[in-house]
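Report on the structure given below.
Computed from a predicted structure; not experimentally measured.
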Amino acid sequence: MSRRIFIASLPLAVLGLASAAHAQANLPANAGATLFQNVRVFDGKGASLSAPSNVLIKGNIIARISTEPIAAEPGVTIIVGNGRTLMPGLIDAHWHAMLIRPNPAQAIVGDIGYNNIAAGVEATETLMRGFTTVRDVGGPVFGLKAAIDAGLIAGPRIFPSGAMITVTSGHGDFRQLSELPRTVGGTLSRMEQIGGSMVADSPDEVRVRVREQLMQGASQIKLTAGGGVSSPFSPIDVSTFTEPELRAAVEAAENWGTYVTVHAFTPTAIQRAIAAGVKCIEHGFLMDEATAKLIAEKGIWLSLQPLPEELREGFAPGSVQRTKADEVWPGIARTYELAKKYKIKTAWGTDVLFSQALAQQQGAILASLVRWYSPAEALAMATGTNAELLALSGKRSPYPGKLGVVEQGALADLLLVEGNPLENIDLIADPAKNFKVIMKDGRVYKNVP
């Protein structure tokens with residue numbers, strides 16, 4: 001009995017030391033130092049490439065960038081760039097790592113062991129597409145993140161929200177009508193048991209659910225402030241949380257030094273969230289001009305996604321979800337136009353759900369931003385700008401250090417690209433061919449001639 005009590009009282013980090021150390025042997029070794037020679041640098045902020053440069057990585061940090069030669073000390077791994085482009089690893093600010101491979105039914109009622117293994121495989125493929133960081137905005141992702149961070153599997157850095165928090169009948173409430181009525185304090189539904197989403201119908205319940213996600217390691221909190229496409233009982237025009245409920249989430253998150261982001265399409269849902277102190281709006285595809293002006297005036301982040309037609313067409317014709325998708329999709333272009341008109345702080349993500357095939361187009365979805373932005377603007381959004389949004393997590397960030405840029409002192413998440421993506425952004429749509437080196441946290445995960 002005493003031995004069991006002792007083990008249970010140990011921090012999880014201590015219990016995981018042996019397994020993590022063993023696992024590191026199965027991943028690319030950190031050589032201690034890597035020197036990129038003769039590269040043109042896109043720094044994640046500007047509109048042009050540098051002059052031919054040399055970049056020295058020590059450990060997981062960019063130690064030096066120079067147009068002058070950098071002497072290669074003994075033991076340094078040299079990567080000859082031959083004039084290729086060195087740029088920051090890509091960041092997807094709206095990702096659902098646990099919801100890519102399964103279909104909706106599998107995600108909720110399928111075997112959780114299988115779903116975790118599938119998510120691990122997908123995480124490795126995500127990294128190999130050049131996405132070194134994702135902001136996960138809903139799903140039971142804490143275990144996957146821990147496995148990646150411990151070195152059990154290769155994958156991107158994950159900024160987790162944990163379970164998205166919703167209301168009864170809100171977006172993210174995937175229960176069946178047979179599961180009603182809900183009893184406060186009663187048995188949790190399957191989706192709640194696995195940590196996919198949590199239902200909260202009062203300010204007090206919201207506080208509990210927010211604090212539970214923070215306790216598990218959430219770097220930011222996600223609420224669904226309005227109706228959504230994929231949820232069967234959540235009309236698009238409906239506003240869900242009341243302002244006091246939203247305020248309760250904001251207060252709990254701010255007590256932990258982080259922020260709340262909300263799924264919201266309509267002006268009412270967006271404006272109510274802003275009034276409650278929410279720092280970021282996801283989607284916003286049905287906003288009007290007055291709401292866009294408000295977002296700009298208040299300095300609120302807008303996390304947008306150029307959702308591809310294939311995602312809309314993935315919903316069965318005649319289904320409730322397809323009808324709602326048909327209502328939302330025309331607003332995508334207008335929302336981007338409003339974001340540009342009012343110079344709103346705009347992040348980029350994909351919001352791919354239930355489709356491995358669409359996930360493989362992650363880079364192509366980013367490249368589609370050229371409908372509204374120059375290639376340099378689009379790539380800056382997916383690197384330096386997205387990193388600024390991640391920084392809102394403050395001390396709740398799981399990865400101390402600067403992301404999304406190539407500059408001295410930043411974390412060494414880097415891509416070596418064949419060609420110049422500022423001239424041809426479609427290069428990022430074919431990572432297998434065009435990403436010659438993929439580095440995350442100073443480790444080289446891909447290095448091909």
Side-chain angles (χ1 to χ4, degrees), residues 44-45 47 90-96 131 134-135 137 225-229 236-237 261-271 273-274 278-314 324-353 358 361-390 404 421-422 424-426 428-429:
K45 299 177 293 185
L90 298 169
I91 301 171
D92 192 322
H94 193 114
W95 191 247
H96 297 277
F131 287 85
V134 297
R135 174 171 165 263
V137 285
V229 171
I236 290 295
D237 62 297
T261 189
V262 298
H263 163 108
F265 287 138
T266 66
T268 299
I270 295 168
Q271 292 176 25
I274 292 173
V278 166
K279 294 290 196 299
C280 183
I281 304 297
E282 306 293 324
H283 315 308
F285 294 138
L286 300 180
M287 74 169 64
D288 56 19
E289 192 135 354
T291 304
K293 290 176 66 176
L294 178 67
I295 291 173
E297 290 167 0
K298 296 290 185 179
I300 306 300
W301 279 86
L302 182 60
S303 174
L304 281 181
Q305 308 81 35
L307 302 177
E309 274 294 295
E310 293 93 329
L311 186 57
R312 182 184 68 87
E313 293 169 355
K324 292 192 289 185
D326 291 344
E327 182 180 352
V328 166
W329 251 249
I332 296 172
R334 173 168 166 75
T335 304
Y336 270 108
E337 290 160 4
L338 288 172
K340 289 198 68 177
K341 178 178 179 180
Y342 290 101
K343 298 180 172 59
I344 293 171
K345 293 188 295 187
T346 305
W348 170 84
T350 53
D351 197 19
V352 171
L353 291 169
L358 266 182
Q361 297 182 40
Q362 202 171 4
I365 295 171
L366 171 55
S368 74
L369 283 178
V370 293
R371 293 172 59 189
W372 305 284
Y373 301 95
S374 71
E377 289 172 329
L379 291 173
M381 193 180 296
T383 53
T385 300
N386 273 359
E388 291 177 21
L389 173 58
L390 297 179
L422 301 189
N424 179 14
I425 196 172
D426 288 334
I428 67 172

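Ala292 and Leu338 make their closest contact through CB-CB, 4.0 Å (heavy atoms, listed as atom of the first residue, atom of the second, distance). Here the closest non-hydrogen pair linking Arg135 and Ser303 is NH1-OG, 3.9 Å. In terms of heavy atoms, Pro421 sits closest to Ile428 at CB-CG2, 4.4 Å. Contact detail for Thr385 and Trp301: the closest heavy-atom pair is O-CH2, 3.4 Å. Across His283 and Phe265, no two heavy atoms sit closer than the pair CB-CE2, 3.4 Å. Nearest heavy atom pair, residue Pro306 against residue Gly349, reads CD-O, 3.6 Å.
At least one side-chain heavy atom of Ile425 sits under 4.5 Å from a side-chain heavy atom of Leu379. Between Ile91 and Val134, every side-chain heavy-atom pair lies at or beyond the 4.5 Å cut-off. Side-chain contact between Glu282 and Gln305 is present, with heavy atoms from C-beta onward closer than 4.5 Å. You'll find the side chain of Leu358 reaches within 4.5 Å of the side chain of Gln361, heavy atoms only. Using a 4.5 Å heavy-atom cutoff, the side chains of Trp329 and Glu309 are in contact. Counting heavy atoms from C-beta outward, Lys345 and Glu388 have side chains that stay 4.5 Å or more apart. Residues Thr261 and Val278 form no side-chain contact, since every pair of their non-hydrogen atoms from C-beta on lies 4.5 Å or further apart. A heavy-atom distance below 4.5 Å is found between the side chains of Thr335 and Leu302.
Counting non-hydrogen atoms of neighbouring residues, nucleotides and ligands closer than 6.0 angstrom, the NZ atom of Lys293 reaches no more than 12 such neighbours. Surrounding NZ of Lys298 are at most 12 heavy atoms belonging to other residues, nucleotides or ligands under 6.0 Å away.
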Check your understanding: When you look at Tyr342 and Ile295, which way does the side chain to side chain contact (heavy atoms under 4.5 Å, CB included) test go after all the steps?
Key -> CA-CA 9 Å; Tyr342 290 101; Ile295 291 173; over 6 Å; no
Review point. Run the side chain to side chain contact (heavy atoms under 4.5 Å, CB included) check on Met381 and Thr346 step by step: do they pass?
Key: CA-CA 7 Å; Met381 193 180 296; Thr346 305; 4.2 Å; yes
Practice item. Evaluate the side chain to side chain contact (heavy atoms under 4.5 Å, CB included) criterion for residues Asp351 and Leu307: first the C-alpha distance (whole Å), next the side-chain angles of each, then the deciding distance (0.1 Å), finally the verdict. Key: CA-CA 8 Å; Asp351 197 19; Leu307 302 177; 4.0 Å; yes
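Not one N or O on the side chain of Thr268 forms a donor-acceptor pair closer than 3.5 Å with the backbone of Thr266. Although no hydrogens or angles enter the test, the distance criterion places no donor-acceptor pair under 3.5 Å between the side chain of Asp288 and the main chain of Pro267. A donor-acceptor pair under 3.5 Å is formed between the side chain of Lys324 and the backbone N or O of Gly228. Side-chain atoms of Asn386 come within 3.5 Å of backbone atoms of Trp348 as a donor-acceptor pair (strictly under, hydrogens ignored).
Between Gln362 and Thr350, the side chains place no donor N or O within less than 3.5 Å of an acceptor N or O (distance only, hydrogens not considered).
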Could you tabulate the donor-acceptor pairs under 3.5 Å formed by side-chain atoms of residues 364-376, not counting sequence neighbours?
unit_1 : atom_1 : unit_2 : atom_2 : d
Ser368 : OG     : Ile365 : O      : 2.6
Ser374 : OG     : Glu377 : N      : 3.1
Ser374 : OG     : Glu377 : OE1    : 3.4

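Aromatic ring orientation, His94 versus His96: perpendicular (interplanar angle above 60°, classes split at 30° and 60°).
Atom CD1 in Ile281 sits 5.0 Å away from atom CD1 in Ile274 (nearest 0.5 Å).
Using a 4.0 Å cut-off between charged nitrogen and carboxylate oxygen, Glu337 and Lys340 do not count as a salt-bridge pair.
For Lys341, the salt bridge (Lys or Arg N to Asp or Glu O under 4.0 Å) partners are Glu289, not counting sequence neighbours.
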